[in-house]
Number of protein chains: 2
Amino acid sequence: MTARRKPAIIETGSLSYGMLPGLLGFHLRRAQVSLFKHFARTVGQVAGITPGLFGMLQVIAANPGLAQSRLAEAMEVERSTIVKVVDQLEARGLIVREPSAVDRRSHCLELTELGRAELARMEQLVLAHEAELAAKLTPEDRQELTRLLIQLAD
Amino acid sequence: MTARRKPAIIETGSLSYGMLPGLLGFHLRRAQVSLFKHFARTVGQVAGITPGLFGMLQVIAANPGLAQSRLAEAMEVERSTIVKVVDQLEARGLIVREPSAVDRRSHCLELTELGRAELARMEQLVLAHEAELAAKLTPEDRQELTRLLIQLAD
DNA sequence: TATTGTTATACTCTATAACTATA
DNA sequence: TATAGTTATAGAGTATAACAATA
């Protein structure tokens, strides 16, 4: 690093955010909060689901017979954290825990018929939500944003 | 139940994320988690601060005499949520609540000398953290990413 | 010994509602 | 009536540690 640069400052009303507008994390968080609020309005209120739960359902649906520990690894959370999530989804009748045929410690997660139907409905809502978001960008910019986010996440 | 068989054995690593990779929110969240972990390692562990607390300090530093309610508005959280944050920062000797000269209901937030020194140290760590992140992108791509995130957040 | 699912516990972040002291 | 700060409380979301059953 060379000389200290003066941080960028933006004004919102009479209020300054200091050096925050010069940080990627600041804009990442703002975009995320905005997107989550939009998701809550357009998908959450209609289908009673959060981005996190929808993600879990997607991974379960895309990997039939997935063990809870594998799901935890995929979502990058602890095994113990998954338990209550699976409890919730099972209580709503969307998934079932099936005993594994090869390992009696394991529970294989599967979507129920209701789960498949509800997920299909959720997917339509999510696609509509995504389309509304994407409308803020050109198709090229949306592609570019995805590429840059993947690059940043490693 | 007996008729349903697993279509494929799921091995570690060969896991599908379904439609998630087609969603901006998925990539936004992954980038955010990656960035927060990097922040925790490079800034948090050294200076004992989180992105949220650092943001609060930045806004307080950039707006001397800010009332708690204005800070709450700036951070887009409830007044009641701010109380414990201010308690924490005050307990660490980084800020003080000063009685307002014009409104006896109001507390004006100010950095202490220690707060100014600590914040300057944090800022150096944050800039180093930012530089490491930015190294994953070309300077043009970093600029472009910021632009696209602002556009997405409205 | 190691792993799977589970429980108990705790900590963070956030919100709502009610209270007090002012305005 | 409305606002500023506070308190009490609750609900997600997450983590750690310990446990029984099984590998």
Side-chain angles (χ1 to χ4, degrees), chain A residues 25 29-30 32-34 36-37 39-41 44-45 48-57 60 65-92 95-110, chain B residues 10-12 25 29-30 32-34 36-37 39-41 44-45 48-57 60 63 65-92 95-110:
Chain A
R29 166 144 174 80
R30 296 203 131 199
Q32 170 114 62
V33 167
S34 167
F36 266 52
K37 282 182 180 167
F39 187 101
R41 279 199 312 274
Q45 276 191 345
I49 202 90
T50 60
L53 286 181
F54 178 75
M56 298 274 183
L57 279 180
I60 294 168
L66 193 69
Q68 286 182 206
S69 291
R70 294 318 123 242
L71 178 60
E73 285 167 12
M75 305 308 286
E76 298 187 87
V77 292
E78 284 298 309
R79 286 187 340 269
S80 59
T81 305
I82 289 291
V83 176
K84 267 173 287 193
V85 174
V86 170
D87 283 350
Q88 262 184 276
L89 296 175
E90 199 173 32
R92 284 176 61 174
I95 66 171
V96 284
R97 285 170 164 104
E98 299 275 7
S100 165
V102 294
D103 186 338
R104 271 181 296 177
R105 296 172 303 180
S106 255
H107 292 175
C108 297
L109 304 177
E110 307 266 7
Chain B
I10 306 305
E11 302 293 341
T12 54
R29 167 142 175 81
R30 297 203 128 198
Q32 170 112 63
V33 167
S34 167
F36 267 52
K37 283 182 180 167
F39 187 102
R41 278 199 313 273
Q45 276 191 344
I49 201 88
T50 60
L53 285 181
F54 178 74
M56 297 276 184
L57 279 180
I60 294 168
N63 306 274
L66 192 69
Q68 288 182 205
S69 291
R70 294 316 124 243
L71 178 60
E73 285 166 12
M75 306 307 289
E76 297 187 89
V77 293
E78 284 298 309
R79 283 184 346 265
S80 60
T81 305
I82 289 290
V83 176
K84 267 171 286 191
V85 174
V86 171
D87 284 350
Q88 263 186 272
L89 296 175
E90 200 173 31
R92 284 176 62 174
I95 66 171
V96 283
R97 286 169 163 104
E98 300 275 7
S100 166
V102 294
D103 186 337
R104 273 182 294 179
R105 296 171 304 181
S106 255
H107 292 177
C108 298
L109 303 177
E110 307 266 7

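Just so we're on the same page: letters track the sequence lines, and every chain starts at 1. Values below: all heavy atoms of this structure, side chains included; hydrogens, waters and symmetry mates excluded.
- Within the nucleic acid shown, A/V83 comes within 4.0 Å of at least one base atom, counting heavy atoms only.
- Both A/K84 and A/H107 sit near DNA chain C, but only A/H107 has its closest nucleotide nearer the 5' end.
- Residue side chain A/R105 does not reach the base of C/dG5 through any donor-acceptor N/O pair under 3.5 Å, judged by distance alone.
- The CG-C1' distance, from B/L53 to C/dC11, rounds to 14 Å in whole Å.
- The separation between A/D87 atom CG and D/dG11 atom P is 17 Å, rounded to whole Å.
- Set against C/dA23, D/dG5, C/dT6, the side chain of B/S106 has D/dG5 as its closest nucleotide.
- Atom pair B/I49:CD1 and C/dT12:C1' shows a separation of 14 Å (rounding to whole Å applied).
- Nearest heavy-atom pair across B/F39 and B/I49 is CE2-O, 3.6 Å.
- Using a 4.0 Å heavy-atom cutoff across all strands shown, A/S69 reaches sugar-phosphate atoms only and no base atom.
- Atom-to-atom, CD of A/E73 to P of D/dA15 comes out at 13 Å; the value is rounded to the nearest Å.
- Side-chain proximity of A/E78 to the nucleotides D/dA23, D/dT14, D/dT16 is greatest for D/dT16.
- Side-chain to base pairing of B/S80 with C/dT16: one donor and one acceptor N or O lie within less than 3.5 Å of each other.
- Distance A/Q32 CD to C/dC13 C1': 14 Å, rounded to the nearest Å.
- Residue A/A67 has its side chain nearest to C/dG5 when only C/dA18, C/dG5, D/dT22 are considered.
- When the nearest nucleotides of DNA chain D are assigned to B/C108 and A/E76 by heavy-atom distance, the more 5′-ward of the two goes with B/C108.
- For B/Q68 (side chain) and B/H107 (main-chain N/O), no donor-acceptor pair under 3.5 Å exists by modelled atom type.
- We find that CZ of A/R104 is positioned 17 Å from P of C/dT6, with the value rounded to whole Å.
- Comparing A/V86 and A/R29 along DNA chain C, the residue whose closest nucleotide (by nearest heavy atom) sits nearer the 5' end is A/V86.
- When each of B/E98, B/R97, B/R70, B/M56 is tested with B/L109 by the rule side chain to side chain contact (heavy atoms under 4.5 Å, CB included), just one qualifies, namely B/R97.
- Here the side chain of A/T50 is nearest to one of D/dG13, D/dT6, C/dT6, namely D/dG13.
- Between A/R79 atom CZ and D/dT16 atom P the separation is 11 Å, expressed in whole Å.
- For the pair B/F36 CZ and D/dA15 C1', the computed distance is 17 Å after rounding to whole Å.
- Identified under the side chain to side chain donor-acceptor pair (under 3.5 Å) test for residues 75-86 of chain A, with sequence neighbours left out: none.
- A/R105 pairs by the side chain to side chain contact (heavy atoms under 4.5 Å, CB included) definition with A/D103, not counting sequence neighbours.
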